[in-house]
Asker: 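Here it is: the structure, laid out below.
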Amino acid sequence: MGKLLVVGSLNMDTVIAVENIPKPGETILAKDIDYIPGGKGANQAYAMAKLGAEVAMIGCVGEDENGQKLLDNLKSVSVDTTAIEVIKNQPTGVAFIAVEQTGENSIIVISGANFLLTRQWIEKQQKYIQNCDIVIAQLETPLESICAVAELAKQNGKKMLLDPAPAPGKLPKQLLKNVSIIKPNETELQLLTDMPTNTEQEIVLAAKQLLKQGVEQVVVTVGERGAFLVTEQGYQKFPAKKVHAVDTTAAGDAFTAGLSIKLAQGCSMQEAISFAVAVSSVVVTKKGAQTSIPSYEEVCNIMK
């Protein structure tokens with residue numbers, strides 16, 4: 001199995017169980033509250049390591065209790081946390097997640113130390129880029145830093161997988177030229193291209209717009225419907241497994257983890273997406289972010 005490097009965010013998730021996500025101006029009573037390690041970057045690194053991959057992570061936490069808990073949790077599955085900077089006088093990132101009975105969620109993130117991930121720190125840690133097979137990044141840290149990661153990945157001949165969440169709108173063309181694979185959901189795809197993504201045809205057309213900007217392959221996740229692979233040669237659909245969803249938190253991160261692992265193993269994109277769909281199908285049947293990540297055996301069982 002190849003080496004993976006995740007560059008991204010670490011948050012302590014405050015997960016609130018509600019009957020329905022409140023409408024503007026509405027006050028509701030919550031049913032339960034949990035504090036669970038999260039952050040898109042940490043979720044992906046944790047998932048990769050729990051599924052058996054060799055993983056290192058670059059990011060930032062505050063010098064506080066939340067930061068230490070997040071580091072300890074990553075170390076518990078053998079993620080290399082040496083390149084995670086601990087910053088004094090800054091809080092660790094926090095996310096507030098309301099989860100409905102249906103499993104759907106709404107998330108508010110306070111970035112904290114995550115937004116102090118600098119180009120200088122990335123360049124200082126570039127040996128991790130040189131020594132990995134695939135670099136994975138998201139957009140919960142400064143865009144300038146992610147651009148630096150993509151540049152270094154390209155210079156070192158490494159495959160770069162970008163999970164463009166949260167999508168800020170259109171991304172710089174220079175960044176997209178350095179990205180091998182981009183993995184938006186249909187909402188993020190709409191924001192990245194300013195094109196509709198309501199139908200299968202619209203999703204494919206919007207994905208092709210990203211291909212025109214230099215991305216090699218586009219993988220679009222569409223929730224319980226599965227995923228699409230769009231390339232210059234055409235597109236393929238990958239249906240999701242039918243499961244009872246309890247909490248969709250980290251489903252996208254789990255998909256990214258599964259995709260990265262199989263690509264690092266030298267599998268085809270089709271094999272990697274099928275595995276990624278299976279991983280996320282297990283995740284939505286459990287509560288929480290990192291607490292919902294399955295073992296490799298669980299994923300293989302659902303694929304059978």
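Note that the coordinates shown come from a computational prediction; the quantities given were computed from them, not determined experimentally. All values below come from the heavy atoms of this structure, side chains included, with hydrogens, waters and symmetry mates left out. Sequence positions, counted from 1, serve as the residue numbers for this chain.
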Asker: Any idea which heavy atoms bring P184 and V218 closest together, and the distance?
Answerer: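 Smallest interatomic distance, heavy atoms only, reads CD-CG1, 4.2 Å.
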
Asker: D163 versus I136: any side-chain heavy-atom pair under 4.5 Å?
Answerer: no

Asker: Under a 3.5 Å distance rule, please check whether D64 uses its side chain to pair with a backbone N or O of T92 as donor and acceptor.
Answerer: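 Such a contact is found between D64 side chain and T92 backbone.
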
Asker: Do other residues, nucleotides or ligands put more than 12 heavy atoms under 6.0 Å from the NZ atom of K158?
Answerer: yes

Asker: Are F255 and I182 joined in one hydrophobic group, where the rule is that I, L, V, M, F, W and Y side chains link up if heavy atoms are under 4.5 Å apart?
Answerer: no

Asker: Look up atom CG in L176 and atom CG in L192, then write down how far apart they are to the nearest 0.5 Å.
Answerer: 7.5 Å

Asker: Please tabulate, one pair per line, all N/O donor-acceptor pairs under 3.5 Å involving side-chain atoms of residues 207-214, not counting sequence neighbours.
Answerer:
residue	atom	partner	partner atom	Å
Q213	NE2	Q209	O	3.4

Asker: Does any pair with a residue in residues 192-206 pass salt bridge (Lys or Arg N to Asp or Glu O under 4.0 Å), and if so which ones, sequence neighbours excluded?
Answerer: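 For residues 192-206, and leaving out neighbouring residues, the salt bridge (Lys or Arg N to Asp or Glu O under 4.0 Å) pairs sorted by first residue read E200-K237.
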
Asker: Could you check whether any side-chain N or O of N11 sits under 3.5 Å from a backbone N or O of K40, counting only pairs where one atom can act as donor and the other as acceptor?
Answerer: no

Asker: Please answer whether the main-chain N or O of M160 pairs with a side-chain N or O of S180 as donor and acceptor at a distance below 3.5 Å.
Answerer: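 Answer holds: yes.
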
Asker: Using only atom types and a distance under 3.5 Å, with no angle test, would you say the side chain of D80 pairs donor to acceptor with the backbone of T82?
Answerer: yes

Asker: Between K262 and E271, does at least one N-O distance fall below 4.0 Å, as a salt bridge requires?
Answerer: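 Answer for the salt bridge query: no.
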
Asker: Can you tell me how far apart CD1 (I28) and CD1 (I21) are? Round to the nearest 0.5 Å.
Answerer: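 Result: 8.5 Å between the selected atoms.
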
Asker: Identify the heavy atoms of I203 and L189 that sit nearest to each other, and give their distance.
Answerer: O-CD2, 3.5 Å

Asker: Within a radius of less than 6.0 Å around CD of E65, do more than 12 heavy atoms belonging to other residues, nucleotides or ligands occur?
Answerer: no

Asker: Between CD1 of I122 and SG of C147, what distance do you get to the nearest 0.5 Å?
Answerer: 11.0 Å

Asker: Nearest 0.5 Å, what's the CG-CD distance between L5 and Q130?
Answerer: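 Reported to 0.5 Å precision, the distance equals 11.0 Å.
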
Asker: Step by step, work out the side chain to side chain contact (heavy atoms under 4.5 Å, CB included) result for I273 and L259.
Answerer: CA-CA 6 Å; I273 294 175; L259 184 68; 3.7 Å; yes

Asker: Testing the basics here: between L117 and W121, what is the closest heavy-atom pair and its distance to 0.1 Å?
Answerer: CD1-CD1, 3.6 Å

Asker: Search all heavy atoms of L229 against all heavy atoms of Q217 and return the closest pair with its distance.
Answerer: CD1-CB, 4.4 Å

Asker: Is any side-chain N of the basic residue among E186 and R225 closer than 4.0 Å to the acidic one's carboxylate O?
Answerer: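 Salt bridge between E186 and R225, a charged N being under 4.0 Å from a carboxylate O: yes.
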
Asker: Is the NZ atom of K75 crowded by more than 12 outside heavy atoms at less than 6.0 Å?
Answerer: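 Counting neighbours around NZ of K75, more than 12 heavy atoms of other residues, nucleotides or ligands fall under 6.0 Å, so yes.
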
Asker: Are E85 and K124 close enough, and set up right, to give a salt bridge (Lys or Arg N to Asp or Glu O under 4.0 Å), and what steps lead you there?
Answerer: CA-CA 11 Å; E85 185 177 13; K124 189 176 180 180; over 6 Å; no

Asker: Rounded to the nearest 0.5 Å, what's the gap from CG on N66 to OG1 on T14? Could you check?
Answerer: 8.0 Å

Asker: Looking only at atom types and distance, does a side-chain atom of E123 sit under 3.5 Å from a main-chain N or O of Q120, one as donor and one as acceptor?
Answerer: no

Asker: Is there a side-chain contact between I84 and L74, using heavy atoms and a 4.5 Å cut-off?
Answerer: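 Heavy-atom side-chain distance check passes, below 4.5 Å.
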
Asker: Out of the candidates K159, Q265, E54, K3, only one should pair with D133 under the side-chain contact (heavy atoms from CB on, under 4.5 Å) rule; please name it.
Answerer: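 Of the listed options, the one satisfying the test is K3.
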
Asker: Tell me the closest heavy-atom pair linking A150 and L175, and the distance in Å.
Answerer: CB-CD1, 3.6 Å

Asker: Working note: F96 + I107, criterion side chain to side chain contact (heavy atoms under 4.5 Å, CB included); need CA distance, chi angles, decisive distance, verdict.
Answerer: CA-CA 6 Å; F96 297 92; I107 305 174; over 6 Å; no

Asker: Kindly check if the number of other-residue, nucleotide or ligand heavy atoms within 6.0 Å of CD1 (I108) is above 12?
Answerer: no

Asker: First locate atom CD1 of I146, then atom CZ of R119, and finally report the distance between them rounded to the nearest 0.5 Å.
Answerer: 11.0 Å

Asker: Please report the closest heavy-atom contact between M57 and G8, naming both atoms and the distance.
Answerer: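 It is CE-O, 3.5 Å.
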
Asker: Give the other cluster members for M195, using side-chain heavy-atom distances under 4.5 Å between Ile, Leu, Val, Met, Phe, Trp and Tyr residues; answer none if it is isolated.
Answerer: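 Other cluster members: L205.
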
